[in-house]
Amino acid sequence: MTKQEQLIEYNIQDIIEYIVQDFRIEYDQAMLIFYNSRTFDKLMDIETGLYLESSAYVYGIFQDERNFGNLIQTEI
């Protein structure tokens, strides 16, 4: 497993945990929700570099996707 794959896996684990806690659902449901999101697709795409961000940051993008129906990445 490459370092990139490890970082992606750690992010996914954390985000699934966030979803379970925030939505009060089971892990399999949380996985299904996240794996079917555009945020997950972007996280899996090495070219985006999203895997380098913190899991909290990526979860924020996921929350925006859920709330607004599309990906929103705010710039500072």
Side-chain angles (χ1 to χ4, degrees):
M1 182 178 281
T2 68
K3 283 194 179 243
Q4 292 167 330
E5 291 170 333
Q6 284 180 322
L7 290 172
I8 290 170
E9 187 61 33
Y10 294 148
N11 265 316
I12 291 170
Q13 289 174 4
D14 289 346
I15 292 166
I16 297 299
E17 185 66 36
Y18 294 149
I19 294 170
V20 166
Q21 291 175 6
D22 287 353
F23 293 89
R24 300 184 199 282
I25 59 176
E26 297 294 325
Y27 281 93
D28 58 339
Q29 292 173 305
M31 291 168 62
L32 186 62
I33 290 169
F34 186 61
Y35 291 161
N36 287 307
S37 71
R38 291 184 61 213
T39 305
F40 175 78
D41 293 340
K42 295 296 182 184
L43 179 60
M44 296 301 291
D45 182 357
I46 301 297
E47 299 287 319
T48 67
L50 193 57
Y51 70 95
L52 295 169
E53 301 293 344
S54 72
S55 54
Y57 179 81
V58 177
Y59 184 61
I61 294 172
F62 170 76
Q63 287 176 308
D64 287 343
E65 177 186 356
R66 296 273 298 175
N67 292 332
F68 302 112
N70 56 7
L71 292 177
I72 299 171
Q73 185 173 6
T74 56
E75 298 295 325
I76 299 174

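All of these numbers come straight from a predicted model, not from anything done at the bench. Position 1 is the first residue of the sequence; numbering continues from there.
With sequence neighbours excluded, the residues forming a side-chain contact (heavy atoms from CB on, under 4.5 Å) with I33 are I25, F62, R66, listed by chain and number. Listed by chain and residue number, nothing satisfies the ring pair (Phe, Tyr, Trp, His ring centres under 6.0 Å) test with Y27 (two or more places apart in sequence, or in another chain). Checked against side-chain contact (heavy atoms from CB on, under 4.5 Å), E9 has the following partners two or more places apart in sequence or in another chain: Q13. Every residue was checked against the side-chain hydrogen bond (donor to acceptor under 3.5 Å, both in side chains) condition with E26, not counting sequence neighbours, and none meets it.
Within the structure, side chain to side chain donor-acceptor pair (under 3.5 Å) pairs that include any residue of residues 31-49 comprise T39-E65 (at least two apart or interchain).
The two atoms that bring Q4 and I46 nearest to each other are NE2-CG2, 3.4 Å, heavy atoms only. Of all the heavy atoms in S55 and N11, the pair that sits closest is CA-OD1, 2.8 Å. Between I16 and M31, the shortest heavy-atom contact is CD1-CA, 3.5 Å.
We find the CG-OH distance between D64 and Y59 to be 11.0 Å, quoted to the nearest 0.5 Å. Note: L43 CG to E53 CD = 10.5 Å, rounded to the nearest 0.5 Å. Distance CD/E5 to OH/Y10: 12.0 Å, rounded to 0.5 Å.
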- Message: Walk me through whether Y51 and V58 qualify under side-chain contact (heavy atoms from CB on, under 4.5 Å).
- Response: CA-CA 8 Å; Y51 70 95; V58 177; over 6 Å; no
- Item | Stepwise side-chain contact (heavy atoms from CB on, under 4.5 Å) test for L50 and I61 | CA-CA 10 Å; L50 193 57; I61 294 172; 3.8 Å; yes
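If you chain together hydrophobic residues whose side chains sit under 4.5 Å apart, Y18 and L32 never meet in one group.
Note on ring orientation: taking the six-membered ring where Trp is involved, the planes of F34 and F40 are perpendicular (angle over 60°, cut-offs 30° and 60°).
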